[in-house]
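Step one of this worksheet: look at the structure below.
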Amino acid sequence: METIENLKERVAYEKSREGYPEGFPHLPDLPAERYISPEFYELELKYLWQRSWLYAGHKDQFPQVGSFLAFDGVPGMPVIIVRTENGFNAFYNTCSHRGGCIVQERQGTCLGKRLVCGYHAWTYNLDGDLLGVPDSRDFDGLDKSKRGLVKLKCETWGGWIFINASNDAVPLQQYLGALPAQIEQFDIDNLSYITSYSYDVACNWKVLMDAFAENYHFVSVHRGSVGLPGPKCAVDHYGTVMSLFKNGHSRNILPWNDGFQPAADVSEETGFSMGMGGIADIPSVGPIPRQFVTAFTAFPNLTTPVYSNGFPLLLFWPTGINTSRFDVVWFGMPHGEEELPEAWKQKIEAFNFILDEDLTYLPSVQVSAESPAFKSIVLNYQERRIYHAHEQIDRVIGPEHIPERLRAQQVLAPFVE
Ligand code: FES
Ligand SMILES: [Fe+2]
């Protein structure tokens, strides 16, 4: 059982280290083409996204039985999630007649607990069974029992809904491995959906994912906020402790700088404040996330920096080889107001200030990565969560499908906790 003392020792070790940790494997270069080649992008679409559990929504977005939400995070995978009497179902948003779109809105509630195709009004129940076909006399031998909507796997973790397109997928809890035991303390069954927003970003989805898996860029990209150099810097990236978990998941523990008070301190130089006051605490949260900036990655594309008074899920979706959509979805204790309370607005504004620093910089990475100068990526020990995720990408795609020049060599297995 991990204690706060163990963790403090690990932080102290990382701070005191004077070189590359003895026994830790050399991280081979990652081929640049993983970020720019149509070939690798197609492999991701065909295997990675089709075989992974993907966050698709939260129960609060479904006020009643028959409420639905469109999932369009992955090209070629239009899906709807519907609330049923017993939970949630996920279907391709594709009619069994001529492929019409079942629902065109992103969110809504269907009438009479029936999904009706917009094209010729074939009607399905919330389990996807085909019930009604207008002018059915004109079909020759139509077997309605074989023409239901095509289902995907759909499971929940707390109030969060995940989908998986693969029939062979392991159950969600098994897939999540070490994460539920770490994140349960956030009372995830009872958290409320607070708000969400999205950015279109001109870079490969992995450029985003990589940036949120390391703290090495804080002193440069975030010098205007949490990474301000000098004694008033909010965090001490030198003490970072990373845990690599099975299935590509990971955790990042980043110590606050000695004496920095996230709820109170405002930078004299930049005026930056974390905006952490005035929001209900999640009482069940243990000491680790209270004493360290703690973040988790759920492979492949979800990262969450968890704060004891509410936190966002950050989701990175491919919209093209060199474009992506970045969703930010906030959760916290129910606040009971119609409007977003002022304290929440301040917290989100402070967080978005940090995000803007990343989002202003990262598209330029894609531009330069497409130059002939960029052949491969060299990663350091502080960037090992990136390497860990890339190894898992290849394991999920299947190395046999990946040309050798595009592969990430597998070296980290002995360091997975
Ligand atoms: S395509 Fe859906 S009813 Fe014709
Ligand atoms: Fe960043």
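Whatever order the structure lists them in is the order used to number ligands and atoms, beginning at 1.
- In His97, the N, O or S atom that comes nearest to atom 4 (Fe) of ligand 1 is ND1.
- Both cation-pi conditions hold for Arg384 and Tyr381: the charged atom is under 6.0 angstrom from the six-membered ring centre and inside a 45 degree cone around its axis.
- Around the Fe ion (ligand 2), the angle linking Asp358 (OD2) with His217 (NE2) is 150°, rounded to 10 degrees.
- A perpendicular orientation is assigned to the rings of Trp330 and Phe351, their planes being inclined by more than 60° (bins at 30° and 60°).
- Distances from atom 4 (Fe) of ligand 1 to the N/O/S atoms of His120 are shortest for ND1.
- Considering atom 2 (Fe) of ligand 1 as centre, the angle to SG of Cys117 and to SG of Cys95 is 100° (10° rounding).
- Residue contact check: Trp122 has heavy atoms under 4.0 Å from atoms 3 (S) of ligand 1.
- A salt bridge between Arg106 and Asp72 is present, with a side-chain N of the basic residue lying under 4.0 Å from a carboxylate O of the acidic one.
- A cation-pi arrangement is not found for Lys206 relative to Phe316, the charged atom failing to lie both closer than 6.0 Å to the ring centre and inside a 45° cone about the ring normal.
- Contacts of Ala121 with ligand 1, taken as heavy-atom pairs under 4.0 Å, involve the backbone alone.
- Near Gly100, meaning under 4.0 Å from any of its heavy atoms, are these atoms of ligand 1: 1 (S).
- Closest to the Fe ion (ligand 2) among the N, O or S atoms of His222 is NE2.
- The side chain to side chain contact (heavy atoms under 4.5 Å, CB included) with Ile102 is formed by just one residue from the set Val116, Val82, Leu115; it is Leu115.
- In this structure, Arg17 pairs ionically with Glu14, as a charged nitrogen and a carboxylate oxygen lie closer than 4.0 Å.
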